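Beneath this line is the structure, given in structure tokens, with notes to follow.
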2 protein chains.
Amino acid sequence: MDRLDAIRSHLYANGFSTIQALADALGASLATVRRDLQILEQEGAIDRVHGGARIADGSSVEVAFQEREKRHLSAKRAIATVAYDLLHPRSAIFLDAGTTVLQLARLIRINPMPLRIFTNGLTVAQEFLNVPNLEVVLLGGQLRSENASIVGPQAEAMLETIWFDQLFLGVSAVSPDGTIYSVDSAEASLNRRMLTRSANRFVLADSSKFGTMATYKVAPLNAAKVITDSGLSDQWRGELAGLGVDVTIADLGTKE
Amino acid sequence: MDRLDAIRSHLYANGFSTIQALADALGASLATVRRDLQILEQEGAIDRVHGGARIADGSSVEVAFQEREKRHLSAKRAIATVAYDLLHPRSAIFLDAGTTVLQLARLIRINPMPLRIFTNGLTVAQEFLNVPNLEVVLLGGQLRSENASIVGPQAEAMLETIWFDQLFLGVSAVSPDGTIYSVDSAEASLNRRMLTRSANRFVLADSSKFGTMATYKVAPLNAAKVITDSGLSDQWRGELAGLGVDVTIADLGTKE
DNA sequence: TGTTTTATGTCCAATATCAATCATATATGC
DNA sequence: GCATATATGATTGATATTGGACATAAAACA
């Protein structure tokens with residue numbers, strides 16, 4: 001393994017390292033490490049910062065997913081906060097693999113309560129590592145890279161053996177006629193199955209999702225209660241009321 | 001959410017951030033961010049470096065696991081390289097959740113070939129996100145925080161429906177009488193099940209594991225072929241020969 | 001309301017890092 | 001084997017970051 005690979009590997013394993021630490025680990029001088037980092041930076045493999053370097057976004061975890069996670073972040077956090085208040089200790093809940101649901105997972109992590117959590121999201125599961133009083137069960141099946149989720153027939157079969165109190169489902173799009181859509185066929189199928197296995201169903205969707213389309217139909221919106229943010233247009237509020245959908249609006253506040 | 005939580009959350013989501021970026025994101029001055037980072041550093045939640053801060057080891061992924069990953073790293077890499085050469089394209093393999101096997105996963109990621117990969121390791125699965133020509137299936141079941149693995153009856157049931165060409169098993173310890181031991185009961189049980197579902201079985205164990213004990217018995221060592229490093233003592237080489245175990249020694253070379 | 005306490009922002013000297021230059025060691029080509 | 005090319009390490013002035021001192025604003029308290 002040449003030195004460039006060693007640096008790549010080191011940064012990949014640690015996420016970040018100081019130049020000094022790299023120099024020590026490789027037995028090379030600071031100047032040499034700096035030069036190597038320049039090369040890796042040009043390749044786009046790493047990002048340099050004063051004093052060190054970090055693995056570039058997309059080398060460790062999926063780019064698009066991380067970007068999506070940041071989009072409408074304050075809305076997602078507001079929605080997650082509302083959802084968090086719906087939880088009660090010792091219940092069994094299912095967390096979908098979406099970015100909004102990930103914010104809810106993060107809230108649970110920071111402010112834990114005893115729960116049995118089921119999920120098909122690797123990122124969600126990862127969030128709960130070493131959090132006390134949680135029993136976490138991950139669905140088994142095919143790994144879908146786009147959002148680090150588990151899908152496929154094995155996951156669906158495993159779902160059939162589980163029943164939970166609350167489902168928190170993130171969605172790709174809500175069509176103008178009030179139907180939930182997904183970008184992936186396997187994911188849509190699994191989502192449909194989730195909706196049949198829960199006593200209480202919540203769709204977490206920031207207001208930007210309303211009126212957009214994706215490829216695969218999941219279910220009509222009134223199959224679940226909806227939690228969204230205050231950016232929702234009056235028109236949509238009226239429409240949802242007409243559809244008989246139970247909507248909770250999370251207040252965005254003024255600043256993040 | 002107060003500013004400290006916002007910083008924690010920001011760093012948790014991004015792994016690393018410059019002080020300037022934090023100040024911009026929070027609408028606070030550099031001095032304020034610095035002071036907050038001091039507090040978080042004292043809490044042990046973050047590590048500071050020149051120009052920024054990163055989430056502390058253990059806040060994002062498990063501490064002990066990361067430490068274990070670094071121990072005997074060069075031996076693990078050498079072993080992984082030998083194992084990699086055993087792979088053939090389009091075959092179905094199972095990768096255990098151990099740290100040595102993780103190095104093999106990393107090799108596959110860096111130098112990909114078409115494979116169907118089964119695993120019970122979240123870290124292993126994560127490694128394969130967005131790697132082309134891989135079909136990755138994760139076992140479902142309970143999340144075990146210590147090494148981010150999936151265990152339990154659901155995982156064992158799912159194993160029964162799968163058959164693979166090669167199994168690569170990492171081990172906690174190999175007792176003086178040549179028995180594989182594990183630190184966890186559920187993990188030991190799952191490992192035993194793995195051994196019955198594969199045509200070819202390989203135990204990946206660096207030489208430091210030999211002659212140590214753990215709590216739960218997995219299987220006799222001759223249930224699999226062994227790949228270890230050149231640090232193995234002559235005494236052990238003799239003993240393994242006596243047990244009829246097929247051993248491959250990975251050369252450590254001179255330097256990492 | 002006035003006082004005290006706490007939190008935040010600005011300024012600046014001390015310190016650390018950076019990138020360019022030069023010297024040296026190693027590898028390559030003839 | 002010698003000359004050239006390349007890679008690495010040390011040095012140094014320029015630049016960026018740091019933490020403390022001080023000033024100001026906001027909050028808590030009497």
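Bear in mind the structure is a predicted one, so any value in this text is a computation, not a measurement. Because only heavy atoms are used, hydrogens play no part in the values below, and waters and symmetry mates are left out as well, while side chains stay in. Within every chain, numbering begins at 1; the chains are lettered A, B, ... in the order of the sequence lines, protein sequences first and strands thereafter.
- A:Lys225 places no side-chain N or O within donor-acceptor distance of the main-chain N or O of A:Val247, the cut-off being under 3.5 Å.
- With C:dG9, D:dA10, C:dA16 as the choices, the nucleotide that has an atom nearest any side-chain atom of A:Ser29 turns out to be D:dA10.
- Side-chain atoms of A:Asn120 come within 3.5 Å of backbone N or O of A:Ile150 as a donor-acceptor pair.
- Spacing between atom CG of A:Leu22 and atom C1' of C:dC18 amounts to 16 Å, rounded to whole angstrom units.
- Separating the CD1 atom of A:Ile19 from the P atom of D:dT17 is a distance of 14 Å, rounded to the nearest angstrom.
- Distance B:His50 NE2 to C:dT15 C1': 7 Å, rounded to the nearest Å.
- With values rounded to the nearest 0.5 angstrom, A:Thr18 atom OG1 is found 9.0 Å from B:Arg54 atom CZ.
- The side chain of A:Arg48 lies closest to C:dA19, out of C:dA19, D:dA10, C:dT17.
- Of the listed nucleotides (D:dG19, D:dG9, D:dA16), D:dG19 has the atom at the smallest distance from the side chain of B:Arg34.
- What separates CD of B:Glu41 from C1' of D:dG19 is a distance of 13 Å, to the nearest Å.
- Closest heavy-atom contact between A:Phe202 and A:Ala224: N-CB, 4.2 Å.
- Within the nucleic acid shown, B:Val49 comes within 4.0 Å of sugar-phosphate atoms alone, with no base atom in reach, counting heavy atoms only.
- Position along DNA chain D of the nearest nucleotide to B:Gly52 versus B:Arg35 favours B:Gly52 as the more 5'-ward residue.
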